[in-house]
Amino acid sequence: MKMLRVKIVAPAIATMMLLSACGGSGGSEAESEAASEAASAQLPNGMTIKEQIEARQGQLEKVGDAFKAISDQLKASSPDIAIIQEAAAAVPEATEGMADWWPEGSGPESGVETDALPAIWENMADFQEKVGNMQEAAANLNTVAQGADMAAIGEAFKATGGTCKACHDDYRLDD
Ligand code: HEC
């Protein structure tokens, strides 16, 4: 599995830690300066840390919207299968490449607003396994949704939702 490394961020983080360790007046200003330096560090994919974080949040928001669309239809008295199918197809599409959205330095230490917990980088293998579990379940949901068996769709939806929760419980703030 390819992992992104961001050597360039290390000095900014070291500075940030040094500055916060010093404390005193003006410390927080210097701290946020160091954080914004970290946020604008360039990744090998050409994005800055800030752009990478915002891009993944944008993709996950799409996933959340698709999930809500499916959930709404499953609760409806006469579900619209076309809406379910479109939303089910959007999940694998929006989460393609998700394994690469978490380069070192793109946690809260970047100073960018993020709900990603530092535990991600302490347990990257487990985190990546959870990415894979979700992608597998979402691909299955998409396949099942193309049939019109509502009970099967409901099961596949529930299974996929379980893989979202399994990750959020450990690695996302406030969940
Ligand atoms: C492997 C871990 C993992 C999996 C699997 C996962 N998520 Fe998340 N999700 C996260 C993390 C971490 C964040 C916070 C990202 C950030 O703020 O940088 C997040 C954020 C989100 C957000 C908020 C996005 C925003 O900032 O507006 C939504 C919505 C969301 N996830 C929905 C889902 C759904 C639905 C699924 C399942 C189909 C899912 N996620 C699967 C880890 C995961």
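Whatever order the structure lists them in is the order used to number ligands and atoms, beginning at 1.
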Heavy atom to atom 14 (C) of ligand 1, shortest distance: which of Ala137, Gly107, Ala116 holds it?
Ala116
Atoms of ligand 1, numbered as shown, that sit under 4.0 Å from any heavy atom of Ile120:
12 (C)
Under the side chain to side chain contact (heavy atoms under 4.5 Å, CB included) rule, collect the residues that match up with Glu54, sequence neighbours excluded.
Lys50, Gln57
Within ligand 1, which atoms have a heavy atom of Trp102 less than 4.0 Å away?
11 (C), 12 (C)
Nearest non-hydrogen partners of Ala116 and Trp121, listed with the distance:
CB-CH2, 4.0 Å
Do me a favour and list the nearest non-hydrogen protein atom to atom 4 (C) of ligand 1 with residue, atom name and distance?
Cys167 CB, 3.4 Å
With only distance considered, is Thr114 within less than 3.5 Å of ligand 1 through an N or O on each side?
yes
Run the numbers for me: atoms of ligand 1, each under 4.0 Å from some heavy atom of Tyr171, listed by number.
12 (C)
Enumerate the atoms of ligand 1 whose separation from the nearest heavy atom of Val131 is less than 4.0 angstrom.
1 (C)
In this structure, atom 36 (C) of ligand 1 is nearest to the protein heavy atom Cys164 SG, 2.7 Å
Hey, which atoms in ligand 1 end up nearer than 4.0 Å to a heavy atom of Lys130?
1 (C), 5 (C)
From the options Gln57, Gln128, Gln52, select the one whose nearest heavy atom is closest to atom 26 (O) of ligand 1.
Gln57
Nearest non-hydrogen protein atom, atom 6 (C) of ligand 1:
His168 NE2, 3.6 Å
Does Thr95 form a side chain to side chain contact (heavy atoms under 4.5 Å, CB included) with Met134? I'd like the steps, not just the answer.
CA-CA 9 Å; Thr95 56; Met134 182 275 294; 3.7 Å; yes
